[in-house]
Amino acid sequence: MNNLLAKVIDANGGIDRWKKFSSLTATIVTGGGLWAMKGLVQDPNPREMTVALHSVFASVTPYGQPDWRTDFTPDRIAIETLSGETVRERDDPRTSFANHTMNTPWDPLHRAYFNGYALWMYLTTPFFMVMPGFEVSEIPPWQEGNELWHGLRVRFPEYVASHSKEEDFYFGDDLLLRRHDYHVDVSGGFPAAHYVYDFVEIEGLRFPTKRRAYVRGPNLEPVKDLLLVSIDFSNFRFS
């Protein structure tokens with residue numbers, strides 16, 4: 001394991017503690033300007049997001065209707081009832097984003113897929129980086145104001161859906177995540193700078209409770225007037 005990654009894993013609670021659990025559920029409240037750009041309505045209602053910790057699966061409840069939820073894996077996205085009856089589904093969902101730009105409208109399955117892979121990654125960072133097939137290397141640090149943040153570049157394996165094939169993660173001196181840079185390939189590949197804040201400790205593991213993603217402008221600086229996505233997390237529960 002990369003030396004910096006090993007230190008990051010330990011600072012976030014350690015792999016042994018992570019392996020004690022199989023899934024994580026958190027309450028999420030989502031906002032930001034991306035949804036309107038996609039022709040979608042975003043309300044401020046809280047939802048329950050559940051992710052698998054050692055495989056790539058995610059589900060959010062409710063979705064569209066009070067008794068509907070999503071069922072995400074990289075090869076299939078579905079909307080289903082709470083009893084498991086399929087409402088809508090799409091196999092090989094990544095191909096449905098071909099030729100999309102930042103302003104291309106999304107249907108409910110597009111959004112469900114985006115939500116599934118993004119929230120799975122956010123809720124399993126940094127521990128997903130030690131799963132099979134990931135390539136992790138140290139990159140030059142990032143200067144943010146008076147702070148110098150340590151950098152890791154992660155190359156994702158084919159079996160994991162993500163924003164882009166390579167993504168950069170920056171950690172403070174406490175080795176907790178501060179910033180996450182990537183290209184949103186499902187939306188024309190625009191660059192994003194994603195900041196995280198306000199960590200809490202749950203069962204000895206650490207998670208940010210606030211995420212804010214901006215368009216990334218020249219010199220890798222965020223365009224703070226372009227808040228694309230905001231996510232607030234609370235009520236983390238392991239099983």
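Residue indices begin at 1 and follow the sequence shown.
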Under 3.5 Å, sequence neighbours excluded: what are the donor-acceptor pairs made by side chains of residues 197-207?
none

Point-to-point distance, once rounded to the nearest 0.5 Å, from [atom1] of [X] to [atom2] of [Y]:
X	Y	atom1	atom2	answer
Met37	Thr101	CE	OG1	8.0 Å
Leu4	Leu152	CG	CG	4.0 Å
Lys19	Phe127	NZ	CZ	11.0 Å
Thr209	Asn235	OG1	CG	12.5 Å
Arg153	Asp168	CZ	CG	4.0 Å
Glu48	Ile28	CD	CD1	8.5 Å

side-chain contact (heavy atoms from CB on, under 4.5 Å) evaluation trace for His150 with Asp173: CA-CA 8 Å; His150 312 281; Asp173 284 340; 3.3 Å; yes
Hey, any chance [X] and [Y] share a hydrophobic cluster, counting ILVMFWY side chains that come within less than 4.5 Å of each other, even indirectly?
X	Y	result
Val87	Val60	yes
Leu40	Leu228	yes
Val8	Trp142	no
Phe128	Val130	yes
Val160	Leu123	yes

Test item: [X] and [Y] side chains (from C-beta on) under 4.5 Å apart, heavy atoms:
X	Y	answer
Arg211	Val229	no
Trp18	His54	yes
Tyr214	Asp225	no
Tyr122	Pro208	no
Glu135	Glu166	no
Glu80	Arg69	yes
Arg179	Pro222	yes
Asn12	Leu176	yes

Take a 6.0 Å sphere around CD of Gln143 and say whether it holds more than 12 heavy atoms from other residues, nucleotides or ligands. yes
What do you reckon, is NZ of Lys165 surrounded by more than 12 foreign heavy atoms closer than 6.0 Å? yes
Do Phe57 and Phe72 have ring centres separated by under 6.0 Å?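 When the ring centroids of Phe57 and Phe72 are compared, they turn out to be at least 6.0 Å apart.
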Closest non-hydrogen atom pair between [X] and [Y], with its separation:
X	Y	answer
Pro132	Pro157	O-CG, 3.9 Å
Asp174	Ala11	O-CB, 3.6 Å
Pro93	Ser96	O-OG, 2.6 Å
Ile79	Pro108	CD1-CB, 4.0 Å
Pro141	Tyr170	C-CE2, 4.5 Å

Taking [X] for the side chain and [Y] for the main chain, is one N or O donor matched with an acceptor at less than 3.5 Å?
X	Y	answer
Arg90	Arg88	no
Arg47	Asn45	yes
Ser187	Val184	no
Ser230	Gly31	yes
Asp107	Leu109	yes
His180	Glu167	no
Ser164	Asp185	no
Lys38	Thr104	yes

Set out, in order, the CA-CA distance, both residues' side-chain angles and the distance that settles side-chain contact (heavy atoms from CB on, under 4.5 Å) for Val186 and His100, then state yes or no. CA-CA 7 Å; Val186 296; His100 277 213; over 6 Å; no
Pairing of Asp10 and Arg17 as salt bridge, 4.0 angstrom limit: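 So Asp10 does not pair with Arg17 through a salt bridge.
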Report all side-chain donor-acceptor pairs from residues 112-121 shorter than 3.5 Å, counting only partners two or more places apart or in another chain.
| residue | atom | partner | partner atom | Å |
| --- | --- | --- | --- | --- |
| Tyr113 | OH | Arg94 | NH1 | 3.1 |
| Tyr117 | OH | His163 | ND1 | 3.0 |
| Trp120 | NE1 | Ala52 | O | 3.0 |
| Trp120 | NE1 | Ser55 | O | 3.0 |

So Arg212 and Asp232, side-chain contact (heavy atoms from CB on, under 4.5 Å) or not? Walk me through it. CA-CA 9 Å; Arg212 302 291 185 267; Asp232 292 344; 3.0 Å; yes
Working note: Leu82 + Trp68, criterion side-chain contact (heavy atoms from CB on, under 4.5 Å); need CA distance, chi angles, decisive distance, verdict. CA-CA 6 Å; Leu82 297 183; Trp68 290 359; over 6 Å; no
Under 3.5 Å, is there a donor-acceptor pair linking the side chains of Ser23 and Ser239?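 Yes.
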